[in-house]
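Hydrogens, waters and symmetry mates are skipped; everything else that's a heavy atom, side chains included, is used.
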Amino acid sequence: MATIDDSVFNAVAGLVASGEYLDRIPGFPEPSPSRGGVWQEANDGSGSVQYLYSRDSAEYRKARDAGLTQRLPPLTPASRGAVARAEAAIGYRLPPLLRRLYLEAGDGGFGPGYGIFSLADNDGIIRDRLEFREPGTPGSAAPAALLPVCSWGCGIYSLVDCSSPEGRMWGFDPNPGPAGGTPLFPEPYTFTEWLRRWTECRLGQPG
């Protein structure tokens, strides 16, 4: 019997297969920006730029159907050794869905924000994790197995508690809001629910 994890895995795997696995999808290179919006430098060395479409927009769907967008490059899954090393560094197993995605869909690079982090840089996983747990910092009271999974920019992260059976999600935002608040806070999602909302274009950054 298919589970919710299976359903979310299939949705993410479908986006990876179709080259639509990030929040922003590039158009074809142009000599210079031709309209307002978000642009990036093309990686072809030509000095051209590419318009970035929001995957959740009608504008993107129309452009995709008209053949005006580019597929994102294929992803390579993580090795079992990389997963084992990461779990040894964390001290807990990864949430089952995250583990399966690493092994079968790609070594990060897909998902919310700037994409789920790669396991290839194991030292980076340890460093990023410890930044939230240094004594006297806002993250020092975090769960012991809190692992950053993606960045949203401006120092904002989504994290998963690998010590909780369901993989409870947390957010980190060091930018003070109008009413202050704690930079590190729990979110009302499991990892599976968090990623399901992303596949359905219903996920915003932590806040």
Side-chain angles (χ1 to χ4, degrees), residues 5-26 40 43 52 54-56 70-132 139 142-143 145-164 166-173 187 189-201 203-206:
D5 274 17
D6 291 331
S7 175
V8 177
F9 174 85
N10 290 335
V12 175
L15 291 171
V16 170
S18 65
E20 299 176 286
Y21 51 78
L22 287 172
D23 286 332
R24 296 193 181 275
I25 311 296
Q40 71 176 11
N43 60 3
L52 296 179
S54 294
R55 187 176 59 88
D56 62 352
Q70 289 191 305
R71 290 167 58 99
L72 294 167
L75 298 178
T76 301
S79 68
R80 292 192 175 275
V83 171
R85 288 190 296 273
E87 291 179 331
I90 300 164
Y92 291 87
R93 286 177 66 88
L94 297 171
L97 175 59
L98 179 57
R99 194 175 201 274
R100 183 181 178 190
L101 286 166
Y102 274 131
L103 289 171
E104 299 181 39
D107 182 17
F110 58 87
Y114 289 96
I116 288 177
F117 293 134
S118 168
L119 294 181
D121 181 9
N122 195 47
D123 290 339
I125 288 175
I126 297 171
R127 181 184 63 251
D128 289 343
R129 179 170 165 263
L130 291 180
E131 284 179 0
F132 295 91
L146 201 58
L147 177 71
V149 289
C150 79
S151 168
W152 298 84
C154 298
I156 302 170
Y157 289 84
S158 287
L159 310 96
V160 62
D161 179 9
C162 297
S163 66
S164 67
E166 70 277 20
R168 183 61 56 182
M169 294 300 296
W170 287 64
F172 182 85
D173 184 352
E187 291 208 284
Y189 313 123
T190 64
F191 177 79
T192 296
E193 171 64 14
W194 178 78
L195 202 56
R196 182 177 72 83
R197 292 175 69 90
W198 173 75
T199 64
E200 297 171 353
C201 298
L203 182 70
Q205 70 182 36

Could you walk me through whether I116 and L98 pass side chain to side chain contact (heavy atoms under 4.5 Å, CB included), step by step? CA-CA 10 Å; I116 288 177; L98 179 57; 4.3 Å; yes
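D23 contributes atom CG, which lies 10.0 Å from atom OH of Y114 (distance to the nearest 0.5 angstrom). With values rounded to the nearest 0.5 angstrom, L159 atom CG is found 7.5 Å from L147 atom CG. The OH atom of Y102 sits 8.5 Å away from atom CZ of F117, with the distance rounded to the nearest 0.5 Å.
Looking at every heavy atom in both residues, L103 comes nearest to R80 through CD1-NH1, 3.5 Å. Scanning all heavy atoms of the two residues, the minimum distance from A86 to L119 falls at CB-CD2, 3.8 Å. In this structure, Q40 and L52 approach most closely via the heavy-atom pair CD-CD2, 3.7 Å. Between L75 and G106, the shortest heavy-atom contact is CB-CA, 4.1 Å. What you find for P112 and L203 is that their closest heavy atoms are CG-CD2, 3.7 Å. The two residues V160 and P95 come nearest to each other via the heavy atoms CG2-CG, 3.8 Å.
Taking the salt bridge (Lys or Arg N to Asp or Glu O under 4.0 Å) definition, one finds that D56 meets it with nothing, sequence neighbours left out. Residues passing the side-chain contact (heavy atoms from CB on, under 4.5 Å) test with N43: none are found, sequence neighbours excluded. Applying the side chain to side chain donor-acceptor pair (under 3.5 Å) rule to R71 yields no partners; only residues at least two apart in sequence or on another chain are considered. Evaluation of the side-chain contact (heavy atoms from CB on, under 4.5 Å) rule for P206 yields W152, I156, S158, F185, E187 as partners, not counting sequence neighbours. Under the rule for a side chain to side chain donor-acceptor pair (under 3.5 Å), the partners of R99 that lie at least two apart in sequence or sit in another chain are E87. The side chain to side chain donor-acceptor pair (under 3.5 Å) search around S7 returns none, not counting sequence neighbours. In this structure, the side-chain contact (heavy atoms from CB on, under 4.5 Å) partners of Y92, at least two apart in sequence or on a different chain, are I90, A145, C162, S163. Every ring pair (Phe, Tyr, Trp, His ring centres under 6.0 Å) that W194 has, sequence neighbours left out, goes to F191. Evaluation of the side chain to side chain donor-acceptor pair (under 3.5 Å) rule for N10 yields no partner, not counting sequence neighbours. Contacts of T190 classified as side-chain contact (heavy atoms from CB on, under 4.5 Å), with partners at least two apart in sequence or in another chain: E166, R168, T192, E193.
Side-chain contact between W198 and L15 is present, with at least one heavy-atom pair separated by less than 4.5 Å. Using a 4.5 Å cut-off on side-chain heavy atoms (C-beta onward), P26 and L72 make contact. Using a 4.5 Å heavy-atom threshold, the side chains of E200 and V8 count as separate. Taking 4.5 Å as the limit, some side-chain heavy atom of V149 sits within range of a side-chain heavy atom of M169. With a 4.5 Å cut-off on side-chain heavy atoms, L101 and L195 count as touching.
Residue pairs meeting the side-chain hydrogen bond (donor to acceptor under 3.5 Å, both in side chains) criterion with at least one member in residues 11-21, sequence neighbours excluded: S18-E20, E20-Y60, E20-R64.
Of the possible donor and acceptor atoms, one in the side chain of D107 sits under 3.5 Å from a partner among the backbone N and O of A120.
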